[in-house]
Amino acid sequence: MSDVRVRFAPSPTGTLHVGSARTALYNYLFARHHGGVLVLRIEDTDLKRSLREHEQSIVRDLHWLGLQADEGPDVGGRYGPYRQSERGPLYEAGVQQLLATHSAYHCFCTQERLESLKAEQLAAGRMPKYDRLCHHLAPEVVEARLEAGVPATIRFLVPEGDISFVDLIHGPITFSSDVIGDFILKRTDGGFAYNFAVVVDDAGMKITHVIRGEDHITNTARQLMLYAALDEPAPRYGHHSLIHGPDGGKLSKRHGATSIGEFRDLGYLSDAVVNYLALLSWHPGDEREKLTLDEVVEGFDMSRASKSAAIFDLDKLNWLNGLYIRALTAADLSEIVRPYLREQGLEFAEGQRQVVAAAIQANLVVLEEAPRYARVFSDDLVITASTHLAALDEPGVRTALEAARERLSRAEGEYFEVDEGRALLKDVVDACAGQGVKGKAIYKPLRVALTGLDQGPELFYLIAGLGRSRIVARLDAALAYLEERSA
RNA sequence: GCCCCCAUCGUCUAGUGGCCUAGGACAUCGCCCUUUCAAGGCGACGGCGGGGAUUCGAAUUCCCCUGGGGGCACCA
């Protein structure tokens with residue numbers, strides 16, 4: 001095992017979003033590809049918005065995707081605790097260290113002053129930046145105010161000079177430090193700021209590579225300064241592009257499903273979702289499109305990750321999902337699809353299930369659509385004397401239906417294998433041919449008689465999966481209808 | 001406003017100075033298969049944002065412009 005250690009650090013303020021899922025995936029891929037370790041860290045420094053149930057749903061979604069971490073609050077590890085809310089003493093020690101080395105100072109400025117300062121600077125066309133008023137306070141003054149209980153924050157004293165690093169995806173990036181104001185390390189409420197907590201955690205957890213979204217790119221400068229001030233070795237950074245909605249803007253709810261849980265509920269397969277997410281701004285170097293997680297791990301290389309933002313393309317995800325659904329065996333599909341059918345009140349018999357699954361397999365884009373296609377096989381189906389029944393008004397139809405009834409009613413058993421269905425259909429067609437009836441007097445009328453619809457599964461699936469008694473009943477009903485018409 | 005990142009078909013992308021008449025996939029359209037719908041097969045449509053510079057030669061290198069995105073918090 002190499003010494004590569006990466007982390008996925010979601011904040012539990014909501015469910016797992018596709019964007020975060022991709023960050024998790026990239027970390028997972030990087031870790032596995034290099035034989036390293038993936039740690040899951042919960043960034044719940046914002047107690048007000050962080051919920052334990054969100055943490056649990058994130059962990060569950062990660063598992064569903066197959067992206068298990070090697071260390072984390074759910075599995076433990078040597079570098080815990082893995083929740084920021086439980087790491088307070090570590091942050092406090094860090095702050096004390098920075099205070100002792102004069103890399104940090106207390107600040108007593110009120111929110112009001114900070115806000116007006118910011119407004120002033122913005123109006124003057126400058127970048128908002130703290131003016132270091134409190135940095136110039138005499139030590140006795142600071143001591144006295146602290147003693148008196150004046151609310152204080154602790155700020156980092158941003159050092160002079162440019163700060164640059166080589167991003168794993170973007171290459172060299174440089175920031176001028178005078179564009180960065182003295183940021184807060186510890187809030188008046190005693191909580192620690194994200195940029196600081198992250199550094200203490202990444203250093204403490206021996207993270208070697210930080211792989212995250214591009215929205216963190218400017219944070220990197222701050223974090224690098226902190227590593228230097230803390231005298232800790234800095235990790236390497238890789239910032240992947242963000243996912244946008246079809247309109248080019250930030251991906252949001254108005255673009256449809258955006259959380260992993262929603263995709264799962266709609267009936268996307270985890271393999272398809274992972275495959276799609278991997279392909280979004282990454283490619284294997286050849287022309288493969290359908291890849292297993294292991295194959296992606298094998299070929300994964302940060303330098304092949306695209307620098308530009310990718311638009312979430314539901315059409316392509318749908319295509320991939322269909323591909324994965326079609327790759328399933330009928331037995332597996334029939335089980336996977338069961339809850340979706342049951343939800344719509346569709347329950348199929350033992351011998352029926354697999355035929356039904358096989359019959360609808362090619363139609364499915366998403367599992368949620370299963371009931372719509374499977375309904376013809378159930379008693380839910382109501383055949384009315386609609387326009388479709390007009391298809392029965394063809395010469396020879398009566399003969400065909402009678403032949404079908406005759407042949408099918410004496411078949412052995414209730415449900416049949418697909419191949420038996422095929423053979424049965426052939427028998428019927430042959431029988432019809434024997435009586436001079438063929439072609440359009442058979443296929444469509446038979447379909448309409450059996451389903452009341454002019455489209456649906458292949459006839460042999462219908463014969464195999466409908467059930468002999470249902471077939472006979474529906475045929476009888478159609479025959480009765482014909483009787484009525486001719487009377 | 002300031003800082004940072006990005007820029008090839010509608011979308012995801014290949015492309016690292018001549019193999020490019022810019023390749024693949026999704027979507028779209030057409031044909032084939034199929035006595036239905038799909039699936040599948042074949043094909044078509046469709047792109048290097050603009051301007052300079054370097055070079056014998058630029059999608060590929062450099063500069064400017066434009067456009068898009070991100071950041072500038074006592075959020076993460």
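- Judged by Watson-Crick or G-U wobble contacts below 3.5 Å, the nucleotide B:G67 has B:C6 as its partner.
- Within the 4.0 angstrom heavy-atom criterion, base atoms lie near A:Tyr443.
- Within the nucleic acid shown, A:Arg447 comes within 4.0 Å of at least one base atom, counting heavy atoms only.
- For A:Asn363, counting side-chain heavy atoms from C-beta on, the closest listed nucleotide (B:A38, B:A7, B:C26) is B:A38.
- At the heavy-atom level, A:Gln361 lies nowhere under 4.0 Å from the strands shown.
- On the C1' atoms, B:G24 is 14 Å away from B:G47, given to the nearest whole Å.
- Judged by distance alone, with hydrogens and angles left aside, the side-chain atoms of A:Ser177 form a donor-acceptor pair with the main-chain N or O of A:Gly161 at under 3.5 Å.
- Across all strands, A:Pro457 comes closer than 4.0 Å to base atoms (heavy-atom distances).
- Nucleotide B:C12 holds its P atom 12 Å from the CG atom of A:Leu279, rounded to whole Å.
- For the pair A:Arg222 and A:Phe156, the cation-pi criterion (under 6.0 Å, within 45° of the ring axis) is not fulfilled.
- Taking atom NZ on A:Lys426 and atom P on B:U35, their separation rounds to 13 Å, with Å as the unit.
- With a 6.0 Å cutoff to the six-membered ring centre and a 45° limit on the axis angle, A:Lys316 does not count as a cation-pi contact of A:Tyr276.
- Heavy atoms of other residues, nucleotides or ligands lying less than 6.0 angstrom from CD of A:Gln96 number more than 12.
- When heavy atoms are screened at a 4.0 angstrom cut-off, A:Ser281 is found touching the sugar-phosphate backbone but no base atom.
- By the 30° and 60° cut-offs, the orientation of the rings of A:Phe108 relative to A:His106 is parallel.
- Nucleotide B:A44 has B:U28 as its partner under the Watson-Crick or G-U criteria, with both atom distances under 3.5 Å.
- B:U36: no Watson-Crick or G-U partner with both key distances under 3.5 Å is found in any strand.
- Atom P of B:A7 sits at a distance of 10 Å from the matching atom of B:G49, rounded to the whole Å.
- Distance noted for atom P between B:C3 and B:C65: 12 Å (whole Å).
- Nucleotides B:G46 and B:C33 are separated by 27 Å at their P atoms, to the nearest Å.
- Mapped onto RNA chain B by nearest heavy atom, A:Trp282 and A:Leu459 fall at different nucleotides, with A:Trp282 at the one closer to the 5' end.
- Pair assignment for B:G1 gives B:C72, based on Watson-Crick or G-U wobble hydrogen-bonding distances that are each under 3.5 Å.
- When rounded to the nearest whole Å, the span between CD1 of A:Ile325 and C1' of B:G40 equals 16 Å.
- Residue-level contact check: A:Thr174 touches the backbone only, with heavy atoms under 4.0 Å from sugar-phosphate atoms and none from bases.
- At whole-Å resolution of the value, CG in A:Asp178 and C1' in B:C4 are 14 Å apart.
- Comparing B:A39, B:U13, B:U36 by their closest approach to the side chain of A:Ser306 singles out B:U13.
- A straight line from CG of A:Leu291 to P of B:C26 spans 14 Å, rounded to a whole angstrom.
- Between A:Glu43 and A:Arg41 there is a salt bridge, since at least one side-chain N of the basic residue sits less than 4.0 Å from a carboxylate O of the acidic one.
- Looking at heavy-atom distances under 4.0 Å, A:Lys444 makes no contact with the nucleic acid at all.
- When the C1' atom is used for both B:A73 and B:U16, the distance is 41 Å, rounded to whole Å.
- In this structure, A:Arg288 does not reach the B:G24 phosphate: none of its side-chain N or O atoms is under 4.0 Å from OP1 or OP2.
- The side chain of A:Trp319 sits closest to B:C26 out of B:C37, B:U13, B:C26.
- Classification of the A:Tyr91-A:Phe192 ring pair by plane angle, with boundaries at 30° and 60°, yields tilted.
- Taking atom CG on A:Asp313 and atom P on B:C26, their separation rounds to 11 Å, with Å as the unit.
- Between A:Arg304 and A:Asp301 no salt bridge is recorded (no basic side-chain N to carboxylate O distance below 4.0 Å).
- Between the CG atom of A:Asp247 and the P atom of B:G10 there is a distance of 17 Å, rounded to whole Å.
- Classified by interplanar angle (parallel below 30°, tilted 30° to 60°, perpendicular above 60°), the ring pair A:Phe263/A:Tyr268 is perpendicular.
- With both ends at atom C1', the span from B:U8 to B:C4 equals 24 Å, rounded to whole Å.
- If you measure from atom CG of A:Leu450 to atom P of B:U36, you get 16 Å, rounded to the nearest angstrom.
- Taking 4.0 angstrom as the limit, A:His283 places none of its side-chain polar atoms (N or O) nearer than this to OP1 or OP2 of B:U13.
- B:C62 and B:C2 have their P atoms separated by 24 Å, with the value rounded to a whole Å.
- Across the interface with RNA chain B, nearest-nucleotide mapping of A:Ile311 and A:Pro172 shows A:Pro172 to be the residue nearer the 5′ end.
- Atom P of B:G23 sits at a distance of 15 Å from the matching atom of B:A14, rounded to the whole Å.
- With A:Tyr237 as reference, A:Arg212 is the one residue of A:His209, A:Arg212, A:His216 to meet the side-chain contact (heavy atoms from CB on, under 4.5 Å) rule.
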With the sugar-phosphate defined as primed atoms, P, OP1 and OP2, and the base as all remaining atoms, what B/S/- string results for nucleotides 67-76 of chain B, 5' to 3', for protein heavy atoms under 4.0 Å? --SBBBSBSB
